[in-house]
K.L.:
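Starting off with a structure, shown below.
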Amino acid sequence: MNELNIKNKVAVITGGAGFICSEMARSLASKGVRTVIVDINKESADKVAGDIENEYKTPSIGLSANVLDKASLEASKKVINDKFGNIDILVNGAGGNSPAATTRVEKMEGNENPEDTFFGLKIEGFDRVFDLNFKGTLLPTMVYAADMVKQRSGAIVNISSMNSYRPLTKIAAYSAAKAAVNNFTQWLAVHFSKTGVRVNSIAPGFLLGNQNRFLLIDEKTGEPTPRARKILNSTPMERYGTPDELTGTLLYLVSDLSKFVTGVVIPVDGGFSAYSGV
Ligand code: NAD
C-alpha cells in the first residue's frame, strides 16, 4: 500500500496567496511539506507564509513573481533552491477571469448593442485572461519542473475549471484557456511519462471567491444573480464548494497514493459535471 509520504517535500504554489491556493498551501504544510507561496502580490504571499509557519511549524516562504514573466520565475527559483533545495511539487494555481473578457449578453438574439456581445470583446482583455490561465501554467512549469526531471520524481497539479469541459456563457477567454490547460495536462503527462514526473489537474466546481463574486452576487441588492441560481440548480449538491474541499484531491495527486495516475483532470464539483439538468 502506498502512503501519503510527502513530509519535507518542497512545494511551490503559484497564486498561493489567493482564496483557493492559500488553503491548498495550508493543507500541504499540515502534512509537513515546505511550502513556497509564489504570488504577484508579495505582501499577501508573505502573510500566508507567515500564518502557515505559525500554525503548522513547517517552513514556508512568500515570494513575488509574475507567472507570465519567465525572468521573475527564474529569480524566484534561485531563492527557492538556495533556501529549500530541489522543488518536488508544483501547484499551478494563479489564474482567473476578469470583467474585461466577459460579455454582458449570454445568448445573442441579434439586435443587442454589439458592445455587449462577442463583437464587443476587447482583444487586450481576452489576451490577458487567456495568457494568465494558459501561459501562466506553461511558464512556471517550464521553470520549476526542471528540478523534478533532474531528480526523476515530482508531481505537478494544474488548477482547471468546470468550463474546461463545456464552456460557460459570457467567459470565452477563460473557458478556452482552461480547456487548453486540460489539453496541456495530457500532453505534458505523456511527454514526462518516463521521467518520474506526473502531471494532473483538478477541475473545481463553483466556489464563491473574489473573482466570480461580480457574476454571482447582485452588487446593489446583495442577492444571488440569476446566473448564481442557475449554478446552484445545476450543482446536484445545491451549494458552492469551499477551498478545503479541494485539498483531499490535491494531497492524493501530489503523493504516492496516485503513483500510477498521470494526465487526468479530476472534477471536484458537487456533481455539476455529472448532471444533465433533468
Ligand atoms: P484568487 O484571485 O483568490 O487567487 C489568485 C491568486 O493569483 C491571487 O493571489 C493573485 O494575486 C495571484 N495572481 C494573479 N495574477 C498573477 C500573476 N500574473 N502572477 C502570479 N500570481 C498572480 O482566485 P481563486 O478563486 O482562488 O482561483 C485560484 C485558481 O482556481 C484559478 O486558477 C482559478 O481559475 C481557479 N478556479 C477558481 C474557481 C472559483 O470558483 N473560485 C473555480 C474553478 C477554478
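The structure displayed is predicted, hence computed values, not measured ones. First listed ligand is number 1; within each ligand, the first listed atom is number 1. Starting from 1, each residue takes its place in the sequence as its number.
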K.L.:
To the nearest 0.5 Å, tell me how far Leu208 CG sits from Arg213 CZ.
P.N.:
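If I round to the nearest 0.5 Å, the distance is 4.5 Å.
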
K.L.:
A quick test of your reading: do over 12 heavy atoms of other residues, nucleotides or ligands sit less than 6.0 Å from CE of Met108?
P.N.:
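Yes, because the 6.0 Å sphere around CE of Met108 holds more than 12 heavy atoms from other groups.
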
K.L.:
Do ligand 1 and Gly209 have nitrogen or oxygen atoms that lie under 3.5 Å from each other?
P.N.:
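No; every N/O pair is 3.5 Å or more apart.
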
K.L.:
Answer with side chain, backbone, both or neither: which part of Asn212 has a heavy atom less than 4.0 angstrom from an atom of ligand 1?
P.N.:
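Contact part for Asn212 vs ligand 1: side chain (C-beta onward).
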
K.L.:
Identify the protein heavy atom lying closest to atom 19 (N) of ligand 1, giving its residue, its atom name and the separation to 0.1 Å.
P.N.:
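Minimum-distance protein heavy atom for atom 19 (N) of ligand 1 reads Val67 N, 3.0 Å.
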
K.L.:
Is it true that Arg104 and Glu112 have a side-chain N and a carboxylate O under 4.0 angstrom from each other?
P.N.:
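Salt bridge absent between Arg104 and Glu112.
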
K.L.:
Quick one: do Lys259 and Glu3 make a salt bridge, cutoff under 4.0 Å?
P.N.:
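No, no charged N to carboxylate O under 4.0 Å.
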
K.L.:
Does any N or O of ligand 1 fall below 3.5 Å from an N or O anywhere on Leu208, backbone included?
P.N.:
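In fact, backbone or side chain, Leu208 has no N or O that close.
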
K.L.:
Output yes when the distance from some N or O of ligand 1 to some N or O of Ile40 is under 3.5 Å, and no in every other case.
P.N.:
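N/O-N/O distance below 3.5 Å exists for this pair.
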
K.L.:
To check your reading of the model: name the closest protein heavy atom to atom 1 (P) of ligand 1, its residue, and the distance in Å.
P.N.:
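Its nearest protein heavy-atom neighbour is Gln211 NE2, 3.5 Å.
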
K.L.:
Test of understanding: given a 4.0 Å heavy-atom threshold, classify the contact between Lys178 and ligand 1 as side chain, backbone, both, or neither.
P.N.:
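Answer for Lys178: side chain.
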
K.L.:
Any carboxylate oxygen within less than 4.0 angstrom of a Lys/Arg side-chain nitrogen, looking at Arg34 and Glu53?
P.N.:
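Salt bridge between Arg34 and Glu53, a charged N being under 4.0 Å from a carboxylate O: no.
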
K.L.:
Should the pair Phe130 and Phe126 be assigned to parallel (<30°), tilted (30 to 60°) or perpendicular (>60°) ring geometry?
P.N.:
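Parallel: the ring planes of Phe130 and Phe126 meet at under 30°.
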
K.L.:
What do you reckon, does Val38 have a nitrogen or oxygen under 3.5 Å from a nitrogen or oxygen of ligand 1?
P.N.:
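Looking only at distances, the answer is no, because the N/O contact criterion of under 3.5 Å is not met.
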
K.L.:
Test of understanding: given a 4.0 Å heavy-atom threshold, classify the contact between Leu132 and ligand 1 as side chain, backbone, both, or neither.
P.N.:
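Near ligand 1, Leu132 shows its side chain, while the N, CA, C and O stay back.
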
K.L.:
So, regarding Asn41 and ligand 1 (criterion: nitrogen or oxygen to nitrogen or oxygen, under 3.5 Å), is there a contact or not?
P.N.:
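The answer is no, given that Asn41 and ligand 1 share no N or O pair closer than 3.5 Å.
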
K.L.:
Decide whether an N or O pair under 3.5 Å exists between Pro204 and ligand 1.
P.N.:
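No, Pro204 has no N/O under 3.5 Å of an N/O on ligand 1.
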
K.L.:
Record the part of Ala65 in heavy-atom contact with ligand 1 below 4.0 Å; permitted values are side chain, backbone, both and neither.
P.N.:
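The backbone, only.
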
K.L.:
Taking heavy atoms and a distance under 4.0 Å, where does Pro243 meet ligand 1: side chain, backbone, both or neither?
P.N.:
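Neither; no heavy atom under 4.0 Å.
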
K.L.:
Inspect the contact between Glu23 and Arg26 and indicate whether a charged nitrogen and a carboxylate oxygen are less than 4.0 angstrom apart.
P.N.:
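A salt bridge is present here (some side-chain N lies under 4.0 Å from a carboxylate O).
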
K.L.:
With atoms numbered from 1 as shown, which atoms in ligand 1 lie under 4.0 angstrom from a non-hydrogen atom of Gly96?
P.N.:
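In order of numbering, the contacting atoms are 34 (O).
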
